[in-house]
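Order of the sequence lines fixes the chain letters, A, B, ..., with proteins taken first and strands second; residue numbering starts at 1 for each chain.
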Number of protein chains: 2
Amino acid sequence: MAVRKSRPRGRERLEVEVRRGQLLALGLAMFSQQSYDEVSIDELARAAGISKGLLYHYFPTKRDLYVAALKLAARQLIEQTETDPTLPPEERIRLGLTTYLEFVEAHRPAYSALMSGGIGSDPQVGAILEETRGAFVARIVEDLPRELTTPLVQLALRGWIGFVEATALKWVVAPAKGAKRTRQEDLVELLADVLFDAVKRAASLPRKKAR
Amino acid sequence: MAVRKSRPRGRERLEVEVRRGQLLALGLAMFSQQSYDEVSIDELARAAGISKGLLYHYFPTKRDLYVAALKLAARQLIEQTETDPTLPPEERIRLGLTTYLEFVEAHRPAYSALMSGGIGSDPQVGAILEETRGAFVARIVEDLPRELTTPLVQLALRGWIGFVEATALKWVVAPAKGAKRTRQEDLVELLADVLFDAVKRAASLPRKKAR
């Protein structure tokens, strides 16, 4: 009996997981191409071929779906920017940055909306952003010699993430009429240079004061 | 008649302006010390000694008061970070940064909330942030030799503003237990170094490609 009962429950659970994953993928696609306010739950249910009622069963509010999609996007971003650990650190940084900029381009409207400032703040959104930035910082710190990981270097790394985000946000929007868009490889080069310089500067600062 | 009629109207207008200014100052103080959600319109009306009805006459919604207070804060920040144009550019940058960090400390909860990411975005809030960043970039560009103001340098300057914001946000929160807070002068030094390095790197990048 126990076995016969558990199989449908297992299958149901699987169906729930699959359906949830499909809705999440669809939500991610919609939030990537439209701003939060533009995404309509009606449209989403229609695109998924399910009723609004069933959609609300999986994600009780639009905000819930948004937060889940953002978490998924953050995980994908962290995974995709992973690089071959046998490559030289400087090349790994450039490869990771190239993937990052491509990711931002693919999710342009969502990235702009996320980074452009709203009324008040959302603790869950803030936490996902913080975790993602923390993961990037941790990845860079791993490759640094121990003596370079001072608190000021850690602060500089957070600053550098801010530098990357601010330039990506500017770069990803269409340039003004007549203006040429900065080439992706030039931006990658700049971002890598700024990282190496900032780490060196931050690491030297406590030494300077100690003299 | 015209003169007698115009005087009270003028005085009324003045009273409206004064009252509006007082409410704005009070709103700025409250939004600086509490997050948007924590600020209560009831409390604000009580602190101002007026009815909620009269408060709504000046600012129809909490959001209106928030946006007006943010505009005021942005204007104050831009004014206060103005420096003596006869000083050397590097010293002006350090002075401006010191004032910036002091301003962030004085408005800590509002700054954290503003920079921490929320659900969706607000066009007016986004515009105020963009204008403020643009004003800082323009101020730095003014002091740069003409040949250094390439599009990539402009992009680097926006990136640097992001670097400043990200480090200020981290720096302003209480450090983890047992951890020492980075000294303000060390952070100022780092931020100034990163700026000078980033401008040099960005300015050299198109040259490198042109060879």
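Counting heavy-atom pairs closer than 4.5 Å to chain A, the top-ranked of the candidates Ser116(B), Pro151(B), Ala156(B) is Ala156(B). Highest contact tally toward chain A, considering only Tyr36(B), Tyr66(B), Phe31(B), is held by Tyr36(B) [criterion: heavy-atom pairs under 4.5 Å]. For the options Gly162(A), Ala168(A), Pro123(A), Ala127(A), heavy-atom pairs under 4.5 Å to chain B are most numerous at Gly162(A). Of all the listed residues (Asp122(A), Leu169(A), Leu114(A), Val194(A)), the one sharing the greatest number of non-hydrogen pairs under 4.5 Å with chain B is Asp122(A). The most heavy-atom pairs under 4.5 Å with chain A, out of Leu191(B), Thr167(B), Ile161(B), come from Thr167(B).
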Exercise. Apply the test side-chain contact (heavy atoms from CB on, under 4.5 Å) to residues Glu102(B) and Gln80(B): give CA-CA distance (whole Å), side-chain angles for both, the deciding distance (0.1 Å), then the verdict.
Key: CA-CA 10 Å; Glu102(B) 274 155 11; Gln80(B) 288 172 20; over 6 Å; no

Quiz item: Leu97(B) and Leu101(B): side-chain contact (heavy atoms from CB on, under 4.5 Å), yes or no, with the steps?
Solution: CA-CA 6 Å; Leu97(B) 281 168; Leu101(B) 291 178; 5.6 Å; no

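Here Lys200(B) does not pair with Asp197(A) in a salt bridge; the nearest charged N to carboxylate O distance is not below 4.0 Å. Taking 4.0 Å as the cut-off between side-chain N and carboxylate O, Arg139(A) and Glu82(A) count as a salt-bridged pair. Salt bridge annotation for Arg181(B)-Glu105(B): present, with a cationic side-chain nitrogen under 4.0 angstrom from a carboxylate oxygen.
Using a 4.5 Å cut-off between heavy atoms, Val67(A) touches chain B through its side chain atoms alone. Of the two parts of Leu155(B), the backbone and the side chain both hold a non-hydrogen atom closer than 4.5 Å to a non-hydrogen atom of chain A. Proximity to chain B (any heavy atom under 4.5 Å) is shown, for Leu190(A), by both the backbone and the side chain. With a threshold of 4.5 angstrom between heavy atoms, Glu130(A) approaches chain B through side-chain atoms but not through N, CA, C or O.
Side-chain atoms of Asp84(A) and Thr86(A) include a donor-acceptor pair closer than 3.5 Å.
Between Arg19(A) atom CZ and His57(A) atom NE2 the span is 10.0 Å, to the nearest 0.5 Å.
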